[in-house]
Amino acid sequence: MGSLRNPVGPLPSSIYWRRRVFMLSALAVLALLIAWVMTSNGGGGKKSAGGPDGKDPVSTITPGPSGSGPAISQAPGGRDGSGSGSDGGGSGGTGGDPSAGSSTASGSAGSDGSSSGSGDDVTSGSGGTVASLPGSSALPNCTAGSVALSLKSLHNSYSPEQTPTFELTAKNTSSSDCKIDLGPKNAVLTITQASSDDSYWSSADCPRPAGSRWYRVPADSSITYTLKWDRKPSAARCATPPAGSAGTGTYLLEAATPGYAKAQASFVLAAD
């Protein structure tokens, strides 16, 4: 103990005391430095962790519908013998009653003959947006043996302030899902005045976009594509259509899709 208080050596004791102070100071600084590094690492880990309690936003991915669920949602159309008043009428390869798993895609007819609407317009039964399927989907293509198309006008008669609205329904009576192309050049919708042989409007004249629109048709269920028409005529190959709007009278609506029987309906544009 005496050697600790009174250093022994050839040098003056003050030099030994300075060395001891320097070493103790160095050890204290090193301890503080180690504590600071450990604290910094711990705090950084907390800052980088995203979560509900953190300061950083949390990235989320909203899942789409399951593979076995419907692609789009609403009750299908089709001629119904009990329909009357403002209920629309139509017919197809076969009629179909609405099913619980039915779905709806929507679009609108433009004055240049184009039909707007895409997979972004498709909603599921829960109200979520559902994209259309890619043509390369592994789902088999629907056939007339398992899927029937039907067509109806939402109302039998439309007053001048009403927008004519039509529904094309694909009903799958098989036990397996399949996909169908409801693109404007594959499922061609035409509107013809009853007194004329030439179509007044066609979805194939100038569709935008013109590509295929594939949709899943769930087993034992149906999907419905809804089209709203602005009463303007269309012109083939995107030519300038005639001026004006459709006049009063009876009009015939037809849907022609390769491999399926033609679906037809009629409606009236009333004067008031």
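Note: Ser150 OG to Tyr260 OH = 12.5 Å, rounded to the nearest 0.5 Å. Within the model, atoms CG of Asp198 and OG1 of Thr192 stand 8.0 Å from one another, a figure rounded to the nearest 0.5 Å. With rounding to the nearest 0.5 Å, the separation of OH in Tyr225 from CG in Leu149 is 14.0 Å. The distance from the OG atom of Ser203 to the CD1 atom of Ile191 is 9.5 Å, given to the nearest 0.5 Å. Distance check, rounded to the nearest 0.5 Å: CG of Asn186 to CD1 of Ile180 gives 8.0 Å. Of the inter-residue distances, the one linking Arg213 atom CZ with Tyr215 atom OH reads 6.0 Å to the nearest 0.5 angstrom.
Remark: Asp181 pairs with Ser212 by the side-chain hydrogen bond (donor to acceptor under 3.5 Å, both in side chains) rule, at least two apart or across chains. For Leu30, the side chain to side chain contact (heavy atoms under 4.5 Å, CB included) partners two or more places apart in sequence, or in a different chain, are Ile34. Tyr200 meets the side chain to side chain contact (heavy atoms under 4.5 Å, CB included) test with Trp229, Pro233, Ala246; sequence neighbours excluded. Applying the side chain to side chain contact (heavy atoms under 4.5 Å, CB included) rule to Ser245 yields the partners Arg231, Lys232; only residues at least two apart in sequence or on another chain are considered.
Within the structure, salt bridge (Lys or Arg N to Asp or Glu O under 4.0 Å) contacts touching residues 136-150 (residues at least two apart or in different chains) do not occur. Every pair tested for salt bridge (Lys or Arg N to Asp or Glu O under 4.0 Å) that includes a residue from residues 24-40 fails, sequence neighbours excluded, so the list is empty. Residue pairs that meet the salt bridge (Lys or Arg N to Asp or Glu O under 4.0 Å) test with at least one member in residues 233-250, sequence neighbours left out, do not exist here. Pairs of residues two or more places apart, or lying in two chains, that qualify as disulfide bond (SG atoms under 2.5 Å apart) and include a residue from residues 134-204 are Cys142-Cys178. Identified under the salt bridge (Lys or Arg N to Asp or Glu O under 4.0 Å) test for residues 182-194, with sequence neighbours left out: none.
When the options Val217, Val147, Leu133 are evaluated for a side-chain contact (heavy atoms from CB on, under 4.5 Å) with Lys179, the one that passes is Leu133. Each of Leu182, Thr224, Thr226 was compared with Leu168 under the side-chain contact (heavy atoms from CB on, under 4.5 Å) criterion, and only Leu182 meets it.
Other members of a hydrophobic cluster containing Leu32 are absent, since no ILVMFWY side chain comes under 4.5 Å of it, directly or through relayed contacts. Under the 4.5 angstrom side-chain criterion for Ile, Leu, Val, Met, Phe, Trp and Tyr, Val29 has no cluster partners at all.
Side chains of Ser159 and Asp272 form no contact here, defined as non-hydrogen atoms less than 4.5 Å apart. Residues Leu189 and Leu227 are in side-chain contact: their nearest non-hydrogen atoms beyond the backbone lie under 4.5 Å apart. Between Ser132 and Arg216 there is no side-chain heavy-atom pair separated by less than 4.5 Å. Between Val188 and Thr257, every side-chain heavy-atom pair lies at or beyond the 4.5 Å cut-off.
Heavy atoms only, all atoms of each residue included: Thr163 and Thr165 are closest at O-OG1, 3.0 Å. Residues Gly211 and Pro184 share a closest heavy-atom pair of O-CD, 3.8 Å. In terms of heavy atoms, Pro160 sits closest to Ala271 at CG-O, 3.2 Å.
Ser202 and Thr190 share no side-chain donor-acceptor pair at under 3.5 Å. Counted by atom type alone, Ser153 and Tyr158 present one or more donor-acceptor pairs between their side chains at under 3.5 Å. Side-chain contact of Thr169 with Glu167: a donor-acceptor pair under 3.5 Å is absent, judged by distance alone.
Two rings, from Phe166 and Phe267, have their centers less than 6.0 Å apart.
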What pairs of donor and acceptor atoms, side-chain ones from residues 248-256 against any protein atom, are under 3.5 angstrom apart with sequence neighbours left out?
residue	atom	partner	partner atom	Å
Tyr251	OH	Gly247	N	3.2
Tyr251	OH	Gly247	O	2.8
Glu254	OE1	Gln264	NE2	2.9

